[in-house]
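Accompanying notes for the structure given below.
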There are 2 protein chains.
Amino acid sequence: MRIGELARRAGTTTRTLRYYESRGLLPARRTGNGYREYDEEDLRLLRQIRTLQDFGFGLEETRPFVECLQAGHPAGDSCPASLEVYRAKLAELDAVVARLQAVRDEVAAQLARAELEAAAGLPGGPEPRCELAPHPGPGPGRPDPT
Amino acid sequence: MRIGELARRAGTTTRTLRYYESRGLLPARRTGNGYREYDEEDLRLLRQIRTLQDFGFGLEETRPFVECLQAGHPAGDSCPASLEVYRAKLAELDAVVARLQAVRDEVAAQLARAELEAAAGLPGGPEPRCELAPHPGPGPGRPDPT
DNA sequence: GCTGGCGTTGACGTCCGGGGCAAGGTCTAC
DNA sequence: GTAGACCTTGCCCCGGACGTCAACGCCAGC
């Protein structure tokens, strides 16, 4: 099948498939006229990539799964390298969740305090003071390039 | 004070301060020779921005806090607009955490399954089959442009 | 032979928060 | 008078995962 059909059947776009090929992730055979030619196996590889992507895996992280399938294994996660990616992602998710949860609690506390101050400030006398503590603690810090 | 001193005192860089100014977030007076001139109040504004940034707020999300301080309020979160940002961020964090937690559990389950299969596949007979379910559910889906 | 729908490559835009560098102006100290 | 530290603007660069043209080739149907 050609690129358009593969894209449709996998629920993605031709641009994405060309991008994957440019990354060496999903190489394609070529027909005489230069068109990319794919088969059912490629569809399987692509579905593996897309599934992992949907779960938040980066493109590079899907590579071991794809290579595992290409090597003829029954599933993309039948290889040790894939399991390692699972484990790393698990640790990463745990860390991110913990960090976000801490930030969430901090923000919730600030919101509660600020609401109290607003309620007290309008009727009573204005004297409260405080802000989100300049606590240089473990904020999300914006997704680091790690 | 000039830009270099402000940057040092706030623990950031001159590049960042110019960037903030280009975004209209932290405007600066100018001296006769064209140098940017800041005062202690600007340092306060900047600290507010940096604190929120450290907690994962986007630059635009810090704007209400800055404007609140500029309007003369005691704290950046003394204004309703700031409280709204707190609430929105809280809801966003809750959603993200729930999503990541669900993904985490899914990945953990897949890892456990794959490890079992690997252990069973080596000694016994190879017959298992399964992958990370192509569940089109609520994966992180990668930060959508929302 | 002409339109329409595929396909090709290449290059640039997006979002975010800046980093890095160049060429030049300005101020202070020696 | 000159070194060095500071300031100015302007421009291109990063990464991730593509989107969006542009300009062209190929092929089927009518």
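Chain naming here is simple, since letters A, B, ... match the order of the sequence lines and numbering starts at 1 in each.
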Listed partners of T31(B) passing side-chain contact (heavy atoms from CB on, under 4.5 Å), at least two apart = N33(B), Y35(B), E37(B)
How long is the line joining CD of E5(A) and P of dC27(D), in whole Å?
-> 18 Å
Near DNA chain C, under 4.0 Å by heavy atom, which residues of residues 18-30 of chain A?
-> R18(A), R30(A)
Please state how far atom OH in Y38(A) lies from atom C1' in dC6(C), giving the value in whole angstrom units.
-> 14 Å
Enumerate the residue pairs fulfilling disulfide bond (SG atoms under 2.5 Å apart) with a member in residues 23-65 of chain A, sequence neighbours excluded, ordered by first and then second residue.
-> none
Lys/Arg N to Asp/Glu carboxylate O, D54(B) vs R47(B), below 4.0 Å | no
How long is the line joining CZ of F57(A) and C1' of dG16(D), in whole Å?
-> 17 Å
Between T14(A) and T14(B), which is nearer to the 5' end of DNA chain C once each is assigned its nearest nucleotide?
-> T14(A)
Test item: D105(B) side-chain N/O and A102(B) main-chain N/O as donor-acceptor pair under 3.5 Å = no
Return the value, rounded to whole Å, for the distance between atom CD of E60(A) and atom C1' of dA17(D).
-> 12 Å
Starting at atom CD1 of I3(B), determine the distance to atom C1' of dC6(D), rounded to an integer number of angstrom.
-> 11 Å
With a non-hydrogen cut-off below 4.0 angstrom, is R8(B) in contact with a base, only sugar-phosphate, or nothing?
-> nothing
Rounded to whole angstrom units, what separation is found between the CE atom of M1(B) and the P atom of dC6(D)?
-> 16 Å
With a 4.0 Å cut-off, would you call E40(A) and R9(A) a salt bridge?
-> yes
Take atom CG of L52(B) and atom C1' of dC16(C), then tell me their distance rounded to the nearest Å.
-> 17 Å
Going by an N to O cut-off under 4.0 Å, is there a salt bridge joining E84(A) and R87(A)?
-> yes
Can you check whether G58(B)'s main-chain N or O pairs, donor with acceptor, with E61(B)'s side chain at less than 3.5 Å?
-> yes
R36(B) vs dC7(D): side-chain N/O to OP1/OP2 distance below 4.0 Å = no
Take the protein atom CG of L46(A) and the nucleotide atom P of dC18(D), then report the distance between them rounded to whole Å.
-> 11 Å
Could E60(A) and R63(A) be called an ion pair, given the rule that one side-chain N must be under 4.0 Å from one carboxylate O?
-> yes
Just by protein heavy atoms under 4.0 Å, how would nucleotides 19-26 of chain D read 5' to 3' in B, S and -?
-> BB----BB
Electrostatic pair E41(B):R44(B) at N-O distance under 4.0 angstrom = yes
Contacts of C79(B) that satisfy side-chain contact (heavy atoms from CB on, under 4.5 Å) - sequence neighbours left out | C68(B), H73(B), S82(B)
Non-hydrogen side-chain atoms of P27(A) and R36(A) separated by less than 4.5 Å | no
Check whether the ring centres of Y86(A) and F65(A) lie less than 6.0 Å apart, and answer yes or no.
-> yes
With axes from five pairs an end, tell me the bend angle of the helix from dG1(C)-dC30(D) to dC30(C)-dG1(D), nearest 10°.
-> 40°
Would you kindly compare L59(B) and R2(B) by the position of their nearest DNA chain C nucleotide and give the one closer to the 5′ end?
-> L59(B)
Please check the phosphate of dG16(D) (OP1 and OP2 only) for any side-chain N or O of Q53(A) closer than 4.0 Å.
-> no
